[in-house]
There are 2 protein chains.
Amino acid sequence: MSYTDALKDINRTADRSVTQQIIDVISAAIASGELAPGDRLPATREIAEIVGVNHLTAVRAYRRMREHGQVTARVGAGTFVRDPRTVDAPADEPEWQRYVLPPTTPSAYTRAASSAYDAASDPGLIPLAVGYPPTRMLPDALWARHTADALEDLGAGALQYGPIEGVPAFREQLAHLQGEEPDDVMVVNGAMQGLSLAARALIRPGEAVAVESPTFMGTVEVLRQVGARMIPIPVDEDGIDVDELARIAVREDLRAVFLQARLQNPTGYDLSPARAERLVELARRHAFFIIDDEVWAELRFGGDDPGPLRDLAPAHVITVGSFSKTLGGGLRLGWMRASGDMIERLALTKHSDDLHSPTLTQHAAARLLAAGDYPEHLARIRDEYLRGRDLMLDALDRHLRPVARWTEPQGGSSILVTLDADLDDRTLLAEAERCGVSVVPGSALTSGPPASTMVRLAYGYVEPDAIETGVRRLAQAIRAVGAERRARQAFPLS
Amino acid sequence: MSYTDALKDINRTADRSVTQQIIDVISAAIASGELAPGDRLPATREIAEIVGVNHLTAVRAYRRMREHGQVTARVGAGTFVRDPRTVDAPADEPEWQRYVLPPTTPSAYTRAASSAYDAASDPGLIPLAVGYPPTRMLPDALWARHTADALEDLGAGALQYGPIEGVPAFREQLAHLQGEEPDDVMVVNGAMQGLSLAARALIRPGEAVAVESPTFMGTVEVLRQVGARMIPIPVDEDGIDVDELARIAVREDLRAVFLQARLQNPTGYDLSPARAERLVELARRHAFFIIDDEVWAELRFGGDDPGPLRDLAPAHVITVGSFSKTLGGGLRLGWMRASGDMIERLALTKHSDDLHSPTLTQHAAARLLAAGDYPEHLARIRDEYLRGRDLMLDALDRHLRPVARWTEPQGGSSILVTLDADLDDRTLLAEAERCGVSVVPGSALTSGPPASTMVRLAYGYVEPDAIETGVRRLAQAIRAVGAERRARQAFPLS
């Protein structure tokens, strides 16, 4: 039977994939000599037709054979049986990359974050790990209307390239929202890009940067990427420990302090006005920047709003913020605020990254803000975060009171839980997932090893009626890991 | 008259801005002693009400006074007249940044690119500089329909965070379009982000990278940003000079070659199949990556399509591409294709940059592709680029024949013009802008000084009936700069 007949006999319902069956048939033809070195193979479209499958399947089969060195492709000419006598270059195998790529060590963040999206959509896990907004509250109808209107009014211009710093109408709305000047506002793809741009524009490898501990895990990752020497500064209910920072600023040449002055993630607390005053005084005296991440600042349930830290010292404070927690993280709609030379530096860094942020999204957001639709939406989604917080505090009280203490956030989406016992938080994470709940371990929230065993819980994304079950599963995991530890301690040599 | 009365008298139609008038009134009250050190100033909202202006204006006035050290703000307390005796920290002035920011040298790219958007929208300049698509041909109605449908079907889910590598439905459509496997496709914010991610994932400062010369100016900038040691390789009508590359690969430890194998920007030529074969053989032998920027590949008017370079050696070739030139640059809708460990590396780098690309845009694009709307649109916009090319070649023939030669592109949007005379291209650019036409000087397209005087002209964005005038103005500028140069040479000591 010729190999073309064998291709016709390929069976879609067989155990082996169709791709593998194509490979086997052609490999057999090469082995038997039916196809000789240098022979041209049928075009992938012909193969697809003979087998009765998608063109892509044939492309995939030929690629695998190339990777295994069985065939070779010539641009514009086709695919040929490889002649081992005349071809001296090695086959095209991705394994070569392993020895030339710069070395990387996966961080706690990498491990935690790369599974966040999967965990968020895994029906078997109650997602207390992710700081997403509640999907059910995102304003899809509002967004549809303003997007349609923007396209209607602006036509094809809404799809064209735009200015680096952002669409003027959107920058003006952002400035208005925050008592800022439009020139000092730049649009970025979410607060994460803001943090990344600030780090890359400011910090050279090895330079010292102070960072809240614990903090938003993305901040640690961004600083790790630029090679910053991170100095962790403790956080309490009044925010970052400014006394500790003052001691460090004397002996270190600090480039910057990264923090969240309002509704800090993961504690949910504010920087106190007194500490804020001292912080900006330190920044002036020691000439460092303060990068204030305000992603949660608008979602306040209680406590007096201390106002933007940037208002105290606009030449020293760079603010990043976004609509990710209010309009939706999928929009990637964030901003930075900075004064002086800094905003131009940031714009140049952004420009060589991705030119500018998507224009249509900015036009739609500018319209949503100009129409006055934002405050009402914000109030609605804020109530939903608050509902989640109250349910979670209740559940913590019911299930974790004997073994842990936790913060009582005034806003935002997260609670920091500190365990009384000293457990390995990776083991705890694994056990929690086995029990059906995902959480963020403390080691992903600090630049060094955490001082105690911590877990971050988020109440914004999860369905309200799953919160209690989630916390109960966490309590179950803590008991299991604690019992195992006690057993080990009782038999230390086992 | 008290200062509050003086505030009431502020005149919106005066020569001085309202902001400045507020500052003057309060400064006078401080100078006269009416406001003493430590006194609390009215809240900005009160000031706004008294003066009868926007709240933002009062905020701006207070900020300026803070910057001048006249007043000080305390979070949650208000703004106070500064007491020079007790305050020892310097005022908050952006000037301090100048001495702490890492040094930067503005590159030819920075200069050329930062004015590109302005030049594109300057009615006094015929925009032959920018590689934008023709706005009039962008598919706004199509985009409106698919965006509305995506929001209708997916609801609020279309606004939620998504996976790092991109929305699965879009990756599948991209894979299908290019005979690729979905796992090897990652979504990025335009090809620029693809270039930037590849450079940052692969290259450490000081490492050697070969780059076409001349090339896309963004490539030079991205490589400059990562501190690559760029080795320029000449390009001719068969693409990059592979003989030259072979000589360099022997003596340099090349990390990568950056090129555009199809419809190169700025020449419009393809890499010949024979050279492509040799290039991938070199990549295998010397273990380097090839980064192939395919942004123009779909816009072909003539010549045989040699097919994707990546098909020859998927483990070595990383492809970047985008819909910027076909659906619109404002969408920031691009992709990368890579195999093996590489795609994971790129995803991690992207994740610490901006988490992921906007989800709704990807859903809309996936629908546009799935509906089969793309090929017809592509054919229509391609015809428009072709029309521009023909008009420009005619105009060049009419106005520049005696003083220059140029490429005849088989697709894309640009023509490389090389002048017979050796003129300073920055002087030429300035003169061209005086004559009312914007062009890209050769020095923005090369990593070192260009070998001859070159200018890149783009025919895609400009209105067709302005092309001839634009080229005539360029010819006029060339004559003017040439005449000045001859005059200088005749009197070399002057």
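Throughout, protein chains are lettered first and strands after them, A, B, ... in sequence-line order, and every chain is numbered starting at 1.
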K.L.:
Counting the benzene-type ring for Trp, do B:W96 and A:F288 have ring centres under 6.0 Å apart?
P.N.:
no
K.L.:
Apply the test salt bridge (Lys or Arg N to Asp or Glu O under 4.0 Å) to residues A:R63 and B:E180: give CA-CA distance (whole Å), side-chain angles for both, the deciding distance (0.1 Å), then the verdict.
P.N.:
CA-CA 10 Å; A:R63 169 166 305 167; B:E180 185 63 81; 2.6 Å; yes
K.L.:
If every non-hydrogen atom of B:Q193 is compared with every non-hydrogen atom of A:D354, which pair is closest and at what distance?
P.N.:
CB-CB, 3.9 Å
K.L.:
Please check if the number of heavy atoms outside B:H176 that lie under 6.0 Å from its NE2 is greater than 12.
P.N.:
no
K.L.:
Which one wins on heavy-atom pair count under 4.5 Å against chain B: A:G190, A:S324, A:G340, A:P358?
P.N.:
A:P358
K.L.:
Please classify the contact of B:A347 with chain A as side chain, backbone, both or neither, using a heavy-atom distance under 4.5 Å.
P.N.:
neither
K.L.:
With distance as the sole test, does A:Q97 use its side chain to make a donor-acceptor pair with the main-chain N or O of B:D341 at under 3.5 Å?
P.N.:
yes
K.L.:
What residue in A:G179, A:P163, A:G328 has the most heavy-atom pairs under 4.5 Å with chain B?
P.N.:
A:P163
K.L.:
Can you say whether A:D184 sits under 4.5 Å from chain B via the side chain, the backbone, both, or neither, judging by heavy atoms?
P.N.:
side chain
K.L.:
Taking every non-hydrogen pair under 4.5 Å, which of B:A175, B:A141, B:A313, B:G157 racks up the most with chain A?
P.N.:
B:A313
K.L.:
Would you say B:R60's side chain and A:E181's backbone share a donor-acceptor pair under 3.5 angstrom?
P.N.:
no
K.L.:
At a heavy-atom separation under 4.5 Å, does B:T147 approach chain A through its side chain, its backbone, both, or neither?
P.N.:
side chain
K.L.:
Need one label for A:S357: side chain, backbone, both or neither, based on atoms under 4.5 Å from any heavy atom in chain B.
P.N.:
backbone
K.L.:
If you count heavy-atom pairs under 4.5 Å between each of A:S339, A:A156, A:A338 and chain B, which one has the most?
P.N.:
A:A156
K.L.:
Identify which part of B:Q178 has an atom lying under 4.5 Å from any heavy atom of chain A, answering side chain, backbone, both or neither.
P.N.:
neither
K.L.:
Name the region of A:L327, side chain, backbone, both or neither, that has any atom closer than 4.5 Å to a heavy atom of chain B.
P.N.:
backbone
K.L.:
Going through the distances and angles, do B:L138 and A:Q160 end up as a side chain to side chain contact (heavy atoms under 4.5 Å, CB included)?
P.N.:
CA-CA 8 Å; B:L138 299 181; A:Q160 188 55 281; 4.2 Å; yes
K.L.:
Please classify the contact of A:A158 with chain B as side chain, backbone, both or neither, using a heavy-atom distance under 4.5 Å.
P.N.:
neither
K.L.:
Could you look at A:A148 and say if it's the side chain, the backbone, both or neither that has a heavy atom under 4.5 Å from chain B?
P.N.:
neither
K.L.:
Out of A:A144, A:G334, A:A287, which one racks up the most heavy-atom pairs below 4.5 Å with chain B?
P.N.:
A:A287
K.L.:
Is there side-chain contact between B:D311 and A:Y62, with at least one heavy-atom pair below 4.5 Å?
P.N.:
no
K.L.:
Sort A:A283 into side chain, backbone, both or neither according to what part of it lies under 4.5 angstrom from a heavy atom of chain B.
P.N.:
neither
K.L.:
Using heavy-atom distances under 4.5 Å, tell me whether B:D304 contacts chain A through its side chain, its backbone, both, or neither.
P.N.:
neither
K.L.:
Inspect the surroundings of CZ in B:R45 and state if more than 12 heavy atoms from other residues, nucleotides or ligands are less than 6.0 Å away.
P.N.:
no
